[in-house]
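Let me begin by presenting the structure, written as structure tokens, before commenting on it.
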Amino acid sequence: QVQLVESGGGLVQPGGSLRLSCVASGNIFSFYVMGWYRQVPGKERELVADITSGGSADYADIVTGRFTISSDNAKNAVYLQMNSPEPKDPAVYYCNGQEIGGDYWGQGIQVTVSS
């Protein structure tokens, strides 16, 4: 059983910063990619950013330059530094990990942007 647990969400002011964390536990072989997705009601889940085990990162255009993804392979952890959040960023953010045994998701964490 593999579990991904997100933390660090909540309320952030426009122009502020927030850091999301995700730690995986269980019978993990090795994630070859971990990432963050987000979803708002009525829309499909979308990729925010992902990072390979080798450290190669990709970002959605809408967050490029504002968000930074990082990981700690030894801890099976992935992080999302959210700088200068905007009114378009509120959503439930989901952690994702892909390994040879499957594709795993966290339970999701709410991020709200409001002054």
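When a residue number appears, it is its place in the shown sequence, counting from 1. Basis for what follows: all heavy atoms, side chains included, without hydrogens, waters or symmetry-related copies.
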Nearest atoms (heavy-atom pairs only) where [X] meets [Y]:
{"X": "Pro14", "Y": "Ser115", "value": "CD-N, 3.7 Å"}
{"X": "Leu4", "Y": "Gly97", "value": "CD2-N, 3.6 Å"}
{"X": "Ile69", "Y": "Ala57", "value": "CG2-CB, 3.7 Å"}
{"X": "Met34", "Y": "Cys95", "value": "CE-SG, 4.4 Å"}
{"X": "Pro85", "Y": "Ser17", "value": "CD-N, 4.4 Å"}

Within this structure, what is the [atom1]-[atom2] distance for the pair [X] and [Y], rounded to the nearest 0.5 Å?
{"X": "Asn76", "Y": "Ser30", "atom1": "CG", "atom2": "OG", "answer": "7.0 Å"}
{"X": "Leu80", "Y": "Ile109", "atom1": "CG", "atom2": "CD1", "answer": "11.0 Å"}
{"X": "Thr68", "Y": "Asn83", "atom1": "OG1", "atom2": "CG", "answer": "6.5 Å"}
{"X": "Ser21", "Y": "Gln81", "atom1": "OG", "atom2": "CD", "answer": "9.5 Å"}
{"X": "Arg19", "Y": "Ser7", "atom1": "CZ", "atom2": "OG", "answer": "9.0 Å"}
{"X": "Leu11", "Y": "Gln110", "atom1": "CG", "atom2": "CD", "answer": "10.0 Å"}

Query raised in the report: Is any side-chain heavy atom of Pro90 less than 4.5 Å from a side-chain heavy atom of Val40?
Result: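 No - every pair of side-chain heavy atoms lies 4.5 Å or more apart.
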
Query raised in the report: Okay, side chain of Asp72, backbone of Ala77: is any donor-acceptor separation there less than 3.5 Å?
Result: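 Not at all, since once roles are kept as given, no pair shorter than 3.5 Å links the two residues.
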
Query raised in the report: Do side-chain atoms of Glu6 reach the backbone of Gly108 as a donor and acceptor pair under 3.5 angstrom?
Result: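 Yes: the side chain of Glu6 pairs with the backbone of Gly108.
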
Query - Full working for side chain to side chain contact (heavy atoms under 4.5 Å, CB included) between Val23 and Val5 - result: CA-CA 6 Å; Val23 179; Val5 178; 5.7 Å; no

Requested in this report: Using the side chain to side chain contact (heavy atoms under 4.5 Å, CB included) rule, take Phe67 and Asp89 through it: C-alpha gap first, then chi angles, then the decisive distance, then the call.
Outcome: CA-CA 11 Å; Phe67 293 3; Asp89 293 322; 3.7 Å; yes

Query - Working for side chain to side chain contact (heavy atoms under 4.5 Å, CB included), residues Ile62 and Arg38 - result: CA-CA 12 Å; Ile62 199 171; Arg38 69 186 185 187; 3.4 Å; yes

Requested in this report: Among residues two or more places apart or on two chains, list those pairs meeting ring-ring contact (aromatic ring centres under 6.0 Å, His included) that have a residue in residues 74-115.
Outcome: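 Only Tyr37-Trp105 qualify under ring-ring contact (aromatic ring centres under 6.0 Å, His included).
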
Query raised in the report: Same cluster or not: are Met82 and Leu47 linked, directly or through other Ile, Leu, Val, Met, Phe, Trp or Tyr residues, by side-chain heavy atoms under 4.5 angstrom apart?
Result: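 Met82 does not cluster with Leu47.
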
Query raised in the report: Same hydrophobic cluster for Val2 and Trp36, using side-chain heavy-atom links shorter than 4.5 Å among ILVMFWY?
Result: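 Result: yes, single cluster for both.
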
Query raised in the report: What do the steps show when you test Asn73 against Phe31 for side chain to side chain contact (heavy atoms under 4.5 Å, CB included), and what is the final call?
Result: CA-CA 8 Å; Asn73 295 334; Phe31 289 117; over 6 Å; no

Query raised in the report: Would one find more than 12 heavy atoms of other residues, nucleotides or ligands at under 6.0 Å from atom CD of Gln3?
Result: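 Open.
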
Report task. Tell me who clusters with Val33, hydrophobic residues only, linked when side chains sit under 4.5 Å apart either directly or through other members. Result ->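 Via sub-4.5 Å side-chain contacts, Val33 links to Tyr32.
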
